Amino acid sequence: MKQQRVLKLHNSLSGKKEIFQPIVPGHIGMYVCGPTVYSDVHLGNCRTFTSFDVIYRYLLHIGYKVRYVRNITDVGHLTDDGEDRMAKGAKVAQLEPMEVAQRYTVGFHDMMRIFNNLPPSIEPRATGHIPEQIDMVKDIIDRGYAYERNGSVYFNVIKFSQENPGVYGQLSGRVVDELMAESRDGLKNQEEKNHPADFAIWMKGRPQDIMVWKSPWSVGFPGWHLECSAMSTKYLGQTFDIHGGGNDLKFPHHENEVAQSNGACGCSPANYWLHTNMLLLNGKKMSKSDGNIINPPQLFTGESEHISKSYSPMAVRFFMLQAHYRSTLDITDDGLQAAEKGFKKLMDAYNTLQNLPVNARDFDGSETEHDRAILALIEDAYQGMDDDFNTAIALASLSELGGYVNKIAHKQLASGDVAPWVIERLKSAFHTLVFDIFGLKDEESKEDSGTVEGLMELILELRANARAQKDWAASDKIRDTLAEVGIQVKDGKDGVSWEKN
RNA sequence: GGUAUCGUGGCCGAGCGGUUAGGCACAGGUCUGCAAAACCUGCUACAGCGGUUCGAAUCCGCUCGAUACCUCCA
């Protein structure tokens with residue numbers, strides 16, 4: 001299974017699926033735009049990073065050595081009123097800017113852990129890379145694509161696009177001429193720019209700005225798009241393999257990154273650009289002002305008008321995996337419930353599979369249609385992943401494999417119908433896909449103390465006695481009362497089990 | 001207004017010119033004292049109107065609708 005499957009991915013630069021070719025065989029450099037840590041993580045962030053987590057996991061699985069860089073943005077983004085975001089957060093909370101950044105960075109990491117996302121290889125902070133950003137501004141000026149105005153430095157989009165036809169706008173489909181026509185009043189420092197499409201790569205700080213640094217041009221802070229260019233260059237090189245982020249970053253953020261890198265070194269930053277799509281809530285975009293919003297903790301506690309119950313992190317992860325990363329995904333209570341059940345069923349099938357006895361004697365050595373079907377489904381799952389990381393396809397195959405597992409477990413297939421080696425192959429593939437690639441984990445509460453186990457054993461024994469004496473009233477009372485406190489009794493063929501809801 | 005993506009059965013959601021996606025719900029069945037759970041089976045849709053093609057959910061055009069971006073939020 002290792003190395004080298006033919007991987008296709010959708011490149012936003014071309015708008016098409018392309019066969020992936022790493023710059024250095026066997027190695028991949030991947031940069032994903034990380035969060036701005038001025039408030040709690042948005043659910044949409046979680047989706048994006050979960051999507052890239054699965055991508056990262058799959059690339060590792062198929063044998064690549066991956067350097068995954070995801071930044072923490074702790075400076076540089078402006079609010080509507082032109083204030084530095086970090087500074088604004090600081091004023092509200094009466095905290096040091098770096099204290100705000102630290103608090104939300106920790107919260108972000110906690111949430112990534114809850115969703116079972118692997119940490120990136122490197123997680124650089126913008127504030128830790130001011131010299132690199134200043135150097136990049138110098139490079140851009142030296143190559144003639146930026147100009148200084150009153151202590152701020154602007155990227156010259158017009159000159160750049162004239163001298164590098166076809167570059168600016170390739171990602172987003174924007175046309176520079178239209179940007180000119182579309183430009184509006186009220187944009188920051190518009191009057192300083194040569195052209196409305198130009199953007200700042202260094203901003204001169206004003207007295208109220210707290211997070212400022214010395215530079216050759218002024219005491220100020222780096223431009224809004226520069227950190228990603230500077231940090232990706234530092235850790236992955238001037239041109240690397242994959243650059244990812246949310247769809248909403250395509251323009252202007254990523255478009256400007258491309259321009260900056262080209263402006264600084266004459267080279268394109270990334271060969272493949274991957275963009276994840278947005279999350280909707282009940283068919284509409286999430287919006288704080290409309291109340292159409294839900295955050296991760298609310299999802300886990302059920303404390304929201306939009307949902308009827310709480311959902312576990314893995315149920316939510318499964319929900320996300322059911323959709324392709326480039327599609328919008330609509331969060332609905334029904335959808336989450338369906339995912340929760342689907343996830344549980346998948347885990348049940350996994351557990352059943354692990355306990356499946358392999359009976360070599362009954363197998364006559366020939367390959368059956370069931371053997372072929374199972375192997376084909378496993379291959380389908382991998383091919384789904386090879387095809388632009390289509391987790392929905394892979395999950396569907398896994399689901400069907402679960403059906404086979406149950407048929408075997410329930411003896412609906414004769415034991416000679418599936419070869420032992422196919423069962424072994426299924427076991428390992430199932431495990432690999434579910435845990436290593438999808439990053440799911442079993443959430444069955446195993447932390448329950450022995451006390452509860454002991455009590456339940458006693459209660460179910462009492463019920464069994466009542467049933468043996470056909471005392472249905474007593475046995476049903478036990479069952480119904482347990483149901484009221486959220487414990488479901490399951491009468492199975494080979495005994496009674498129970499489960500907390 | 002401009003740009004992009006999309007509109008699939010009761011719900012969510014794959015599909016990239018010809019074959020069953022899958023999940024949930026629902027129906028039937030197995031099991032059961034009854035029920036639940038579990039498992040099995042079934043359930044043939046593609047916004048509208050034109051066009052291309054032997055053949056279209058899939059390509060093209062128009063209409064309607066949604067979402068995103070253009071206002072830095074992934």
Side-chain angles (χ1 to χ4, degrees), chain A residues 12 15-17 32-36 39 41-52 73 76-80 85 169 171-175 178-179 181-184 186-188 224-225 244-253 255-256 275-280 283-288 318-319 322-324 326-343 345-346 348-349 352 380 384 387-388 390-400 402-403 405-407 409-410 412 467 470-472 475-476 479-480 483 488-493 496-499:
Chain A
S12 300
K16 294 192 197 115
K17 273 187 205 165
V32 174
C33 288
T36 304
S39 66
V41 224
H42 185 87
L43 228 198
N45 266 117
C46 296
R47 187 202 184 188
T48 293
F49 300 136
T50 299
S51 295
F52 281 106
T73 294
H77 284 204
L78 300 184
T79 55
D80 293 341
R85 290 203 110 118
L171 243 194
S172 62
R174 260 357 104 103
V175 178
E178 286 174 8
L179 288 175
E182 299 294 320
S183 72
R184 309 164 190 207
L187 294 180
K188 287 82 66 175
W224 325 318
H225 316 294
N247 208 241
D248 50 353
L249 293 181
K250 232 188 234 177
F251 188 88
H253 185 62
E255 194 70 78
N256 288 351
H275 292 280
T276 60
N277 218 133
M278 304 292 106
L279 227 38
L280 305 179
K284 295 198 197 102
K285 69 168 171 179
M286 292 208 222
S287 153
K288 239 179 213 166
F318 183 92
F319 175 71
Q322 280 187 306
H324 183 74
R326 276 191 296 117
S327 297
T328 52
L329 175 60
D330 190 11
I331 300 175
T332 60
D333 196 46
D334 287 347
L336 287 167
Q337 282 192 30
E340 182 180 58
K341 289 186 186 172
F343 171 59
K345 211 166 143 182
L346 184 70
D348 285 348
T352 304
D380 281 351
D387 188 8
D388 198 26
N390 198 325
T391 53
I393 295 272
L395 220 43
S397 303
L398 221 38
S399 209
E400 293 203 57
V405 169
N406 290 324
K407 270 184 224 174
H410 288 79
Q412 289 177 347
R467 295 182 74 205
K470 299 201 192 302
D471 183 357
W472 311 129
S475 89
D476 288 355
R479 178 220 287 160
D480 297 343
Q488 186 181 41
V489 176
K490 299 178 179 179
D491 293 318
K493 189 108 182 150
V496 184
S497 62
W498 60 279
E499 182 173 281

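Just so it is clear: chains get the letters A, B, ... in the order the sequence lines come, proteins before strands, and each one is counted from 1. What you see is a predicted model, and the numbers here were worked out from it, not measured in a lab.
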So, is A:K341 close to the B:A25 phosphate, meaning a side-chain N or O under 4.0 Å from OP1 or OP2?
-> yes
State whether A:T328 places a side-chain N or O below 4.0 Å from either non-bridging phosphate oxygen (OP1 or OP2) of B:A66.
-> no
When all nucleic acid strands are considered with a 4.0 Å heavy-atom cut-off, which category describes A:S327: base, sugar-phosphate, or nothing?
-> sugar-phosphate
So does A:K250 get a side-chain nitrogen or oxygen closer than 4.0 Å to the phosphate oxygens (OP1/OP2) of B:A74?
-> no
Which nucleotide in the list B:G23, B:C69, B:C12 gets nearest to the side chain of A:D330?
-> B:C12
Could you give the NE2-to-P distance, from A:H225 to B:A74, as a whole number of Å?
-> 14 Å
Rounded distance in Å between the C1' positions of B:C11 and B:G51 | 33 Å
Does the base of B:C40 carry an N or O that pairs as donor and acceptor with the side chain of A:H410 under 3.5 Å?
-> no
Which value, in whole Å, describes the distance between the C1' atoms of nucleotides B:U63 and B:G22?
-> 33 Å
Rounded to the nearest 0.5 Å, what separation is found between the CG atom of A:D348 and the CG atom of A:N406?
-> 8.5 Å
Anything under 3.5 Å between a protein N or O and an N or O of nucleotides 31-35 of chain B, put it in a table, one pair a line.
from  : atom 1 : to     : atom 2 : distance (Å)
B:G33 : N7     : A:R467 : NH2    : 3.4
B:G33 : O6     : A:R467 : NE     : 3.4
B:G33 : O6     : A:S475 : OG     : 3.3
B:G33 : N1     : A:D476 : OD1    : 3.1
B:G33 : N2     : A:D476 : OD2    : 3.0
B:C34 : N3     : A:R479 : NH2    : 2.3
B:C34 : N4     : A:R479 : NH2    : 3.0
B:A35 : N6     : A:D491 : OD2    : 2.5
B:A35 : N1     : A:R479 : NE     : 3.4
B:A35 : N1     : A:D491 : OD2    : 3.3
B:A35 : N3     : A:R479 : NE     : 3.4
B:A35 : N3     : A:R479 : NH1    : 3.3
B:A35 : N3     : A:R479 : NH2    : 3.3

So what does A:G44 hit on the nucleic acid, given a heavy-atom distance under 4.0 Å: a base, only sugar-phosphate, or nothing?
-> base
With rounding to whole Å, what would you report as the distance between B:G28 and B:G15 at their C1' atoms?
-> 30 Å
Spacing of A:N247 atom CG relative to B:U3 atom C1', expressed in whole Å = 12 Å
Which part of the nucleic acid, if any, lies within contact of A:S399, taking any heavy atom under 4.0 Å across all strands shown: a base, the sugar-phosphate backbone alone, or nothing?
-> sugar-phosphate
The residue, A:K284 or A:N45, whose nearest nucleotide of RNA chain B is more 5′ is A:K284
P atoms of B:G10 and B:A45, separation to the nearest Å | 10 Å
How long is the line joining NZ of A:K345 and P of B:A38, in whole Å?
-> 8 Å
Take the protein atom CZ of A:F318 and the nucleotide atom P of B:G13, then report the distance between them rounded to whole Å.
-> 14 Å
Classify the nucleic acid contact of A:G15 as base, sugar-phosphate or nothing, counting any heavy atom under 4.0 Å across all strands shown.
-> nothing
base_contact_polar (B:C40 base, A:K407 side chain, donor-acceptor, <3.5 Å) | no
State the pairing partner of B:G65; accept Watson-Crick or G-U wobble contacts with both distances under 3.5 Å, and report none otherwise.
-> B:C6
Judged by atom type as modelled, is there a donor-acceptor pair below 3.5 Å linking the side chain of A:N247 to the main-chain atoms of A:H275?
-> no
Indicate, with a heavy-atom threshold strictly under 4.0 Å, whether A:N277 touches base, sugar-phosphate, or nothing.
-> base
How close or far is atom P of B:G23 from atom CG of A:D348, stated in whole angstroms?
-> 14 Å
Taking only N and O in the side chain of A:S172, is any of them less than 4.0 Å away from OP1 or OP2 of B:U3?
-> no
Euclidean distance for C1', B:U71 against B:G18 (whole angstrom) = 47 Å
Applying side chain to side chain donor-acceptor pair (under 3.5 Å) to A:T276 and not counting sequence neighbours gives A:T48
What's the CE-P distance between A:M278 and B:A66, to the nearest Å?
-> 19 Å
Main-chain N/O of A:A392 paired with A:N390 side-chain donor or acceptor, under 3.5 Å | yes
Could you tell me whether A:R479 and A:D476 have a side-chain N and a carboxylate O separated by less than 4.0 Å?
-> yes
B:C59 versus B:A14 - spacing of their P atoms, nearest Å | 16 Å
What does A:N406 touch in the nucleic acid at a heavy-atom separation under 4.0 angstrom: a base, only the sugar-phosphate, or nothing?
-> sugar-phosphate
Can you tell me how far P in B:C12 sits from the matching atom in B:A66, rounded to whole Å?
-> 16 Å
Answer with base, sugar-phosphate or nothing: what part of the nucleic acid does A:L346 contact at a heavy-atom distance below 4.0 Å?
-> nothing
Would you mind telling me which residue lines up with the more 5' stretch of RNA chain B, A:A338 or A:I393, judged by nearest nucleotide?
-> A:I393
Base, sugar-phosphate, or nothing for A:E340, non-hydrogen atoms under 4.0 angstrom?
-> nothing
Starting from C1' on B:G13, measure out to CD on A:Q337 and report it in whole angstrom.
-> 17 Å
For the base of B:A14, is there a side-chain donor-acceptor partner from A:H324 under 3.5 Å away?
-> no
Take atom C1' in B:U3 and the same atom in B:G13, then report the distance between them in whole Å.
-> 27 Å
Mind running side chain to side chain contact (heavy atoms under 4.5 Å, CB included) on A:E400 and A:D380 for me, showing each step along the way?
-> CA-CA 11 Å; A:E400 293 203 57; A:D380 281 351; over 6 Å; no
Give none if B:G28 has no partner; otherwise give the nucleotide forming a Watson-Crick or G-U wobble pair with it, both distances under 3.5 Å.
-> B:C40
Please give, in whole Å, the distance from B:U20 P to A:D380 CG?
-> 14 Å
Approximate separation, where rounding is to 0.5 Å, of A:E340 CD and A:D333 CG = 9.5 Å
